[in-house]
Amino acid sequence: MSGASLLSPGTASWILFGVFFSLMFLRVPVAFALGLACLPILILEPHLDTGTLMGETFNAYNSFILLAVPFFLLTANLMNVGGITDRLVRFSRDLVGHFPGGLAQVNVVLSIFFAGISGSSTADAASQSKIFIEAQTKEGYDLSFSVAITAVSSVLAVIVPPSILMIVWGGVLTVSIGALFLAGIIPGLLIGLAQMATVHVYAKARGYPTYPRATLVELGRAAAVAIPALMTPVIIIGGKIFGWFTATESACIAVLYAATLSIVVYREMNLKGLHEALLDTGKLAGIALFCVGTASAFGWLLAYYQIPKAILAGVSAWNMGLTETGFFIALVFLVVGCFLDAIPAIIIVGTILQPLAMAVGMDPVHFAMVGIVSLAFGLVTPPYGLCLLISCAIAKIRMIDALKDVMIMLVPMLSVLALLILWPDVALFLPRLISPEFLK
Amino acid sequence: MTFWRKLTAAYSGLLSLLLVFSVAILIVPVSLQIFSRYTALIPSYIWTEEMARFLFIWMIMIGAMIGVREGTHFEVDLWPRLKPRAEAAVRLMASIGVLVMALVFVWAGIEFTRFGWNRTSELAELPLWMIHIAWPLTGFTWLVFLGERMWDNLRVLTRAQHV
């Protein structure tokens, strides 16, 4: 195709990336900057016109896979208005409240539970910022620490299954979503542990408070109340692995289950809460997914000029081995994650890097986990770290004020990522154990 | 001017209502799809998947429309904190980008709708224009909401000059 095109791949990529970054710098919203970057090419190139933009955005939205995004957001919102979150907070508090920095530990543990039910980090950041930031500062935690720990723990939602990113990755790059769900469990728990250790060190150094240890009876009672909610991951992941339902359907099951718990078991749902939950879901999903459409058009143009091939030609000449490639991939995703949301990044960059990973014999599930974990970290890195932006907005501070603590907390998390790259079994052990047929 | 503001507020209220409705309804076809597979009570409809996708498209587009009114489309802010007037100037400049996109959506969207005029979808056999029309409508709605925001920023810019 590129033989017949007017622009050379070099010129086209300069236009695409040049216009995109310039407009982004001028504070044009990212979704619009991506679409506008396509325009000069659509006008210049004789075979293309603005209809291409319409068609490509249509194709992106006309996707059963992406339906998982509003469903997981809705699950999270239903959990908050229906009393599920409250029960999980109580249980987490009885579980880890007596550790140094009790409330911050609860913050991390709740994120792990939340991650097992919803697959959306932005929803986690939004709801937990409202719960924890004010409560923590009241107990004497520093504001920037409180914002930072809430934001970094929310990234667990896309690493611990179920996860929107895994569903999108599996759909776009044809990897078994069931295998990805299993592969995310160990890295997710390790990152959670790393965060709890970080909180421990902070709490010791700064003298953050702890709660008295809960008695076994209290713990048992809180666990019993929380058990119906904690069953959600079992149902979702089990259902996906045993092939009872598809990935998108599993997200729908999560909605139905959360709604049933809220209405029948915990009985805290009211009409106003339901309306809020639905509206909030629609607004956030609309904004996030609109960007996926323009990113797809952008990615489609990159492919049209075979720009990925040109970029990769340079990189393959370095003759990297498996581990070097792993680190290279993580680095690219970490950098891209600073400027792009995770779903568009998978669509644009995931497809570019896939041949590189395949060439060195990286397992597709391992490649996916390195990419997803790196992109998850991108949710708290400036300038475009959505979870950090949300937490800062709720705490009414500037991103830059929480940045130092975020960077400190990222260090142990990055070591887990390094472990995952050096030792693929961190990701591959569980899928190999439970459902080896999902791996090649 | 107040009449105009009331009108856009009412329009955005209507859109919010439609958005709530579309998210709620979205669950129905997907649930039907799951349950029809395991129970004989509900026949397995072939159109559920397509129905869900089309509702989903409308949900995204309506969400994107409201996003422009509320200024919630995500942006990267690399600038230091600015004085109100400079802030208004930067916002006005960024709005031009959204404005161009809105015009493209109206212009190319009308062509897109015309293209789908006599076609129907594969499974549910819905007329395609019912989905394609979301594009020009989104562009048009952006123009309405953006006009309001640009006007506000222009006022901040000019008012400061007089003081």
Side-chain angles (χ1 to χ4, degrees), chain A residues 23-33 35-36 39 49-51 53-55 57-58 61-64 66-67 70-71 74 244-246 248-249 251-253 255-256 259 274-275 277-279 281-294 339 341 382-384 386 389 398-399, chain B residues 16-24 26-27 30-31 33-34 37-38 49-50 52-54 56-57 59-68 70-79 81 90-91 93-98 100-102 104-105 107-109 111-113 115 131-132 134-135 138:
Chain A
L23 290 175
M24 198 168 66
F25 179 73
L26 292 173
R27 286 193 22 200
V28 175
V30 176
F32 292 81
L36 289 167
L39 278 187
D49 57 33
T50 45
L53 184 63
M54 304 293 110
T57 45
F58 175 84
Y61 304 146
N62 192 16
S63 142
F64 195 65
L66 287 178
L67 259 171
F71 286 162
L74 184 57
W244 296 336
F245 30 76
T246 65
T248 305
E249 288 171 359
C252 183
I253 293 279
V255 171
L256 295 178
L274 181 65
H275 181 266
L278 290 169
L279 183 60
T281 303
K283 281 182 181 174
L284 191 53
I287 294 166
L289 290 166
F290 178 69
C291 189
V292 171
T294 48
F339 298 97
D341 194 13
Y384 188 76
L386 220 43
L389 280 173
R398 297 188 63 194
M399 199 186 217
Chain B
S16 299
L17 209 64
L18 287 172
L19 189 61
V20 166
F21 185 70
S22 64
V23 177
L26 207 50
I27 303 159
V30 183
S31 307
Q33 188 172 314
I34 304 169
R37 202 177 307 145
Y38 295 104
E49 203 243 359
E50 192 170 67
R53 278 189 277 120
F54 288 170
F56 180 52
I57 293 176
M59 187 210 78
I60 297 173
M61 296 311 259
I62 296 173
M65 295 180 204
I66 296 177
V68 166
E70 301 185 345
T72 44
H73 280 281
F74 302 118
E75 53 184 54
V76 174
D77 188 358
L78 296 169
W79 297 59
R81 187 154 286 182
V90 172
R91 285 193 182 281
M93 205 159 57
S95 299
I96 294 170
V98 181
V100 173
M101 191 77 153
V104 170
F105 266 57
W107 169 256
E111 196 53 42
F112 189 52
T113 311
F115 169 80
I131 296 107
H132 288 197
W135 270 254
T138 302

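- For B/Ile96, no part sits under 4.5 Å from any heavy atom of chain A, backbone or side chain.
- With a 4.5 angstrom heavy-atom cutoff, B/Phe105 touches chain A via backbone and side-chain atoms both.
- Of the residues considered (A/Thr57, A/Asp49, A/Leu53), A/Thr57 shows the highest number of contacts with chain B, using heavy-atom pairs under 4.5 Å.
- With a 4.5 Å cut-off on non-hydrogen atoms, A/Val255 touches chain B through its side chain but not through its backbone.
- Residue contact with chain A, scored on non-hydrogen atoms closer than 4.5 Å, involves the side chain of B/Phe112 exclusively.
- Partners of A/Trp244 by ring-ring contact (aromatic ring centres under 6.0 Å, His included), not counting sequence neighbours, listed by chain and number: A/Phe242.
- Note that the CD1 atom of B/Ile34 and the CG atom of A/Leu256 stand 6.5 Å from one another [nearest 0.5 Å].
- Residues A/Val292 and B/Ile60 form no side-chain contact, since every pair of their non-hydrogen atoms from C-beta on lies 4.5 Å or further apart.
- The greatest number of non-hydrogen atom pairs below 4.5 Å with chain A, out of B/Gly67, B/Ala64, B/Gly109, is found for B/Ala64.
- Contact tally against chain A (heavy-atom pairs below 4.5 Å) for B/Ser16, B/Ala108, B/Gly63: the top residue is B/Ala108.
- For a residue to count as touching a neighbouring chain, one of its non-hydrogen atoms must lie under 4.5 Å from one of that chain's; by this rule B/Glu49 touches chain A with backbone and side chain alike.
- With a 4.5 angstrom heavy-atom cutoff, A/Ser63 touches chain B only via backbone atoms.
- Contacts of B/Glu70 with chain A are made by side-chain atoms alone, with heavy-atom separations under 4.5 Å and no backbone atom involved.
- Comparing B/Ile66, B/Thr72, B/Thr138 by heavy-atom pairs within less than 4.5 Å of chain A, the highest count is held by B/Thr72.
- Residue B/Phe21 places its CZ atom among 12 or fewer non-hydrogen atoms of other residues, nucleotides or ligands, all under 6.0 Å distant.
- With sequence neighbours excluded, the residues that form a ring-ring contact (aromatic ring centres under 6.0 Å, His included) with A/Phe32 are A/Phe290, B/His73, B/Trp142.
- Per-residue counts of heavy-atom pairs under 4.5 Å with chain B were compared for A/Leu23, A/Asp341, A/Thr281, A/Ile287; the largest is that of A/Ile287.
- Of the listed residues (A/Pro382, A/Ala31, A/Pro383), the greatest number of heavy-atom pairs within a distance under 4.5 Å of chain B belongs to A/Pro383.
- Contacts with chain A were tallied for B/Met93, B/Glu111, B/His132, B/Glu50; B/His132 has the most, counting heavy-atom pairs under 4.5 Å.
- In terms of non-hydrogen atom pairs under 4.5 Å with chain B, the most contact-rich of A/Leu67, A/Leu284, A/Leu289, A/Leu389 is A/Leu67.
- Looking at A/Leu274, there are no atoms closer than 4.5 Å to chain B (heavy atoms on both sides), in backbone or side chain.
- At least one side-chain heavy atom of A/Leu74 sits under 4.5 Å from a side-chain heavy atom of B/Ile27.
- Interface residue B/Met61: only side-chain heavy atoms are found under 4.5 Å from chain A.
- Listed options B/Val68, B/Leu26, B/Leu17 were ranked by heavy-atom pairs under 4.5 angstrom with chain A; first place goes to B/Leu26.
- Within the 4.5 angstrom heavy-atom criterion, atoms from both the backbone and the side chain of B/Met101 approach chain A.
- Looking at A/Leu279, both its backbone and its side chain come within 4.5 Å of chain B, counting heavy atoms on both sides.
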